[in-house]
Every structure is written in C-alpha cells, then in structure tokens.
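First the structure, in the form of structure tokens, and then the observations on it.
Letters A, B, ... mirror the listed sequences (proteins, then strands); counts begin at 1.
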Amino acid sequence: EAGVTQFPSHSVIEKGQTVTLRCDPISGHDNLYWYRRVMGKEIKFLLHFVKESKQDESGMPNNRFLAERTGGTYSTLKVQPAELEDSGVYFCASSQAQSYEQYFGPGTRLTVT
Amino acid sequence: GDSVTQMEGPVTLSEEAFLTINCTYTATGYPSLFWYVQYPGEGLQLLLKATKADDKGSNKGFEATYRKETTSFHLEKGSVQVSDSAVYFCALSRGVNDYKLSFGAGTTVTVRA
C-alpha cells in the first residue's frame, strides 16, 4: 500500500511568487492534515479536512494560504504571494478516522528567497 | 493553549549508550501523548503513544510513561544503535473531536559507532 506522497519534494521561489503544494493521502483515508515546520522550530498544525470539507482551519496563518481538497482525494496548499517567513517544511498527514494514527508524508521543503 | 516542550539538541551518543529525551506538556484535560520519529529523508513515523495517565508506550526498545503529576512523557532507550539516529518529536492531541497534533521543537539524535 502506498503511503502519503507529497509533491514537490523541494521548491525554491522568489518572494511574491505563487507556489502550490500537493498531497496525496493514503487511499481510503478521509482525514487529511497539513502541518508545517518553520526554521527548525516546532511543527505547527495548519488545517484538517474530512473528505472535502474543512473541519478545522484554525492554524492557517493568513489569507495568503489557500487549501483545497476537491473530491475528497488529494489536497493542494497554495501560497500566494509567498513571503520570506513562509519558508519551511510542509507536511501532510492522513488518517482513516479522526482518532486513528496519522501517517505523514516526507514533506515539501519550501524556500522563499 | 496546548504546548509541548522538549529538550533541545542536538544529542550525540555512542552506540549502546542510554538515551533519554525529556518532554513536558501543557494542556487542559487528558490529552493523548505521542513520540514521532523522522529518519533522514523520510516522513514522520509514530514511534509510540500513551492515551491515559500511567500508561507506558513502547516500541523498538523505546519507552515513555505518561506522568500526569509531572505533565511529562520522557523518551528512553537503554542501548541505542546507529540506526536510531533521527529527529524525535514529542506531541499531544486533545482527542474528543480535536485530533490535531501539537508538537515540540524536535530533538536531533546522532549515534556514533
């Protein structure tokens, strides 16, 4: 069974540009989470989807971040326009049910210059 | 709000040495506690967990006990191997319709042969 996959593995963009990160959860997992780790600090929650609905987006830092999960399968996280402080590693995780273990992807390292 | 504090690294050990990584938390109620591990180039993996006070989680020779009186969940391993070199994250979730994870900053452990 394939694990959680994320694309790209690394992205380098200039300040003001747009970047879209993609996450493919484990097949059949209704719950999808986005997290990010900035500058070696703690990993922080961004948002949680249940199927295609946003269950909790309390961690989204501002309106430059837009997450979607059309059809309840893969999810995208768009940053527009990107700022220097958005640099970090963005992790996606999925779980079969909310109380079940979250399986993490390898992360996307975003560098904004 | 909820928070997790874990000892800062990096930690460098020799093979067969004893490893302990301290973790304390602040949360209301009775959170579930976790240790995640990230090996080089991989995503986070659940290492062990405990869901109530005095529970002991264990896996791969690692152990941690949920201590509510000291709000701690310290990770220990009696004899580390080179393959244990990784970043270790302590985390909690509240549960009960709120399963997002709150992480500590991570501790990088390097084991030398």
Part of A:Ser58 lying under 4.5 Å from any heavy atom of chain B: side chain
Count the heavy-atom pairs under 4.5 Å between each of A:Lys41, A:Glu101, A:Gln55, A:Lys44 and chain B, then report the option with the highest count. A:Glu101
Give a yes or no on whether the ring-centroid distance for B:Phe73 and B:Phe34 is below 6.0 angstrom. no
Count the heavy atoms belonging to other residues, nucleotides or ligands that lie under 6.0 Å from NZ of A:Lys15, then report whether that count exceeds 12. no
Would you mind telling me which of A:Val89, A:Leu110, A:Thr111, A:Thr108 makes a side chain to side chain contact (heavy atoms under 4.5 Å, CB included) with A:His10? A:Thr111
Among B:Ser102, B:Gly106, B:Ala105, residue most engaged with chain A (heavy-atom pairs, under 4.5 Å): B:Ala105
Applying a strict 4.5 Å limit to non-hydrogen atoms, the region of A:Gln6 in contact with chain B is neither
Counting only heavy atoms closer than 4.5 Å, note whether A:Tyr103 contacts chain B via side chain, backbone, both or neither. neither
Heavy-atom pair count under 4.5 Å with chain B, highest-scoring of A:Phe91, A:Tyr100, A:Tyr33, A:Tyr35: A:Tyr35
Using ring-ring contact (aromatic ring centres under 6.0 Å, His included) as the criterion, point out the one residue from B:Phe89, B:Tyr88, B:Phe62, B:Phe103 that pairs with B:Tyr36. B:Phe103
For residues B:Gln6 and B:Thr107, is any side-chain donor paired with an opposing acceptor at under 3.5 Å? yes
